[in-house]
Visitor: 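Take this structure, written in structure tokens, and hold onto it; I'll ask about it next.
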Amino acid sequence: MDEPISRAQQLSFHVDALNREPAEGADEAMAMLVGLLDLQAQLPSIQRIRRWGHEVLAVGQGERVLDIGSGTGSEVREFAERVGPDGEAVGVDPNPAMLAVARERTAAAGTQAGCVEFVEGSAYRLPFADGHFDAVRCERVYQHLDDPDAATAEIARVLHPGGRVLLIDSDWHTAILHPGDTDVVRRLSDVMLAATPNPASGRRLRGLLAAAGFVIDDMGSEAVIWEPETLRPFFAGMGETARDSGAITQQEHENLVATMDAGIAAGDYHLSVTMFAVLAHLPQ
């Protein structure tokens with residue numbers, strides 16, 4: 001539980017590994033991470049579930065809103081537009097370099113500076129007073145948490161009675177990869193699941209919120225379907241991790257990469273994972 005949350009909105013072992021690199025090459029790693037997050041944000045499926053989330057969370061003028069794992073700050077800027085100058089849109093992230101990117105992009109976008117703030121912090125220890133927020137959003141963070149109950153309790157602490165929360169996360173047991181030898185793909189998937197602290201996070205969101213005293217209001221889901229520009233780095237990271245761990249051989253890795261490249265060239269490829277979203281509120 002003492003570990004901070006993984007860097008915001010990571011979707012691949014490749015990205016996660018980059019974030020664990022030492023200081024040497026850190027700038028390059030951050031640039032690659034930001035580039036991947038930007039590509040992922042352009043996926044139609046990600047855009048659809050984000051639009052749905054904003055619709056049901058229904059943030060309004062003058063409200064105080066928190067985005068946990070705010071990454072490049074795109075959803076905080078969306079909140080800022082919705083709360084207006086009298087509201088408060090806050091992003092929290094454990095990565096100072098990512099916070100710098102979010103602040104730079106927010107300034108460049110001309111977002112109202114008076115209502116926007118980006119703060120370094122952990123999902124386990126949110127640096128805010130009890131009952132401070134009207135609404136909290138958290139996307140693709142829970143899969144990286146080894147103590148999601150503690151994080152959910154912390155969300156409940158910073159919300160006032162009646163406050164709303166929207167959790168969005170992947171369930172990696174639903175991942176589908178095509179083409180490729182099914183046995184090799186299974187072993188590769190096993191490595192990924194074992195290395196992810198909370199791989200079934202998507203299916204657990206409702207129960208976590210209910211156990212923390214929230215009332216469930218709505219649920220949604222979206223199969224995130226990856227395109228080649230996002231699929232290739234994700235797939236490469238998974239394959240290299242599985243190879244280095246001994247789960248697959250070098251030859252199996254090379255064959256899998258060649259098969260996937262041929263599938264992409266022919267238009268016969270697929271990589272997806274289902275994301276689930278839960279909207280809830282605290283009783284008055």
Side-chain angles (χ1 to χ4, degrees), residues 1-12 15-38 40-41 59 63-80 83 87-109 111-160 163 165-169 197-198 201:
M1 174 180 158
D2 290 335
E3 290 297 317
I5 60 173
S6 296
R7 278 52 171 181
Q9 301 172 332
Q10 296 171 157
L11 292 181
S12 74
V15 173
D16 193 45
L18 286 172
N19 270 327
R20 293 197 299 268
E21 288 294 322
E24 183 179 355
D27 290 345
E28 181 182 357
M30 178 54 58
M32 292 177 68
L33 172 56
V34 171
L36 282 172
L37 294 180
D38 288 344
Q40 292 159 3
V59 168
E63 290 197 303
R64 295 175 172 177
V65 191
L66 173 66
D67 189 33
I68 300 173
S70 52
T72 62
S74 61
E75 305 315 291
V76 177
R77 290 189 288 277
E78 174 69 23
F79 281 143
V83 302
E88 185 178 325
V90 181
V92 64
D93 198 283
N95 188 334
M98 187 63 74
L99 289 168
V101 171
R103 291 176 183 131
E104 180 180 341
R105 290 188 175 188
T106 299
T111 306
Q112 304 200 35
C115 70
V116 179
E117 186 178 9
F118 292 97
V119 179
E120 184 175 349
S122 161
Y124 299 131
R125 291 178 296 276
L126 295 171
F128 308 104
D130 295 358
H132 183 77
F133 290 101
D134 298 290
V136 172
R137 177 187 180 277
C138 183
E139 179 190 327
R140 286 178 289 175
V141 169
Y142 270 59
Q143 62 190 281
H144 302 294
L145 299 179
D146 57 12
D147 193 352
D149 290 290
T152 310
E154 188 69 348
I155 290 173
R157 181 186 67 79
V158 301
L159 280 170
H160 64 64
V165 60
L166 177 73
L167 299 184
I168 304 173
D169 224 299
N198 191 15
S201 55

Visitor: Is there side-chain contact between Q40 and R140, with at least one heavy-atom pair below 4.5 Å?
Guide: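 Of all side-chain heavy-atom pairs linking R140 with Q40, at least one is under 4.5 Å.
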
Visitor: For G91, is there any backbone N or O sitting under 3.5 Å from a side-chain donor or acceptor partner on D67?
Guide: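 Here the side-chain-to-backbone pair does not exist.
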
Visitor: Are D146 and Y124 side-chain neighbours, meaning at least one heavy-atom pair lies under 4.5 Å?
Guide: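 With C-beta onward as the side chain, the pair touches.
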
Visitor: For a quick test of reading the model, state the closest non-hydrogen atom pair linking V141 to G69 and the distance between them.
Guide: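 Distance-wise, the nearest heavy atoms are CG2-CA, 3.9 Å.
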
Visitor: If you measure from OG1 on T106 to CZ on F118, what distance do you get to the nearest 0.5 Å?
Guide: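 So the OG1 of T106 and the CZ of F118 are separated by 3.5 Å.
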
Visitor: What are the two closest non-hydrogen atoms of V92 and P127, and how far apart are they?
Guide: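 Minimum heavy-atom separation between V92 and P127: CG2-CD, 4.3 Å.
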
Visitor: Ignoring hydrogens, what is the shortest heavy-atom contact between P94 and E120? Give both atom names and the distance.
Guide: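 So the minimum-distance heavy-atom pair works out to O-OE2, 3.8 Å.
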
Visitor: Is the shortest side-chain N to carboxylate O distance from R64 to D134 below 4.0 Å?
Guide: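 A salt bridge is absent here (no side-chain N lies under 4.0 Å from a carboxylate O).
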
Visitor: Looking at R105 and V34, what are the two nearest heavy atoms and their distance?
Guide: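 Of all heavy-atom pairs spanning R105 and V34, the closest is NH2-CG1, 3.2 Å.
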
Visitor: Would you indicate whether the side-chain heavy atoms of M98 and T72 approach each other to under 4.5 Å?
Guide: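 T72 vs M98: side chains touch.
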
Visitor: Please report the interatomic distance CD(E75) to CD1(I68), rounded to the nearest 0.5 Å.
Guide: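 Result: 14.0 Å between the selected atoms.
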
Visitor: Should M30 and N95 count as side-chain neighbours, where that means a heavy-atom distance under 4.5 Å?
Guide: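 They are in side-chain contact.
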
Visitor: Taking all non-hydrogen atoms of both residues, which atom of V76 and which atom of S70 are closest, and how far apart?
Guide: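 So the minimum-distance heavy-atom pair works out to CG2-CB, 3.9 Å.
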
Visitor: Is a side-chain donor or acceptor of E154 paired with a backbone partner of L126 at a separation under 3.5 angstrom?
Guide: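 Side chain of E154 to backbone of L126: a pair is present.
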
Visitor: Any side-chain heavy-atom pair from N198 and D169 closer than 4.5 angstrom?
Guide: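 They are not in side-chain contact.
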
Visitor: Considering all heavy atoms of both residues, which atom of A80 and which atom of V116 are nearest to each other, and what is their separation?
Guide: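 Heavy atoms only, the tightest pair is CB-CG2, 3.5 Å.
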
Visitor: Once rounded to the nearest 0.5 Å, what's the spacing between atom CG of L166 and atom CZ of R137?
Guide: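 Between atom CG of L166 and atom CZ of R137 there are 6.5 Å.
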
Visitor: Consider side-chain hydrogen bond (donor to acceptor under 3.5 Å, both in side chains). Of H160, R157, E88, which one does H132 pass it with?
Guide: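 Considering H160, R157, E88, a side-chain hydrogen bond (donor to acceptor under 3.5 Å, both in side chains) with H132 is found only for E88.
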
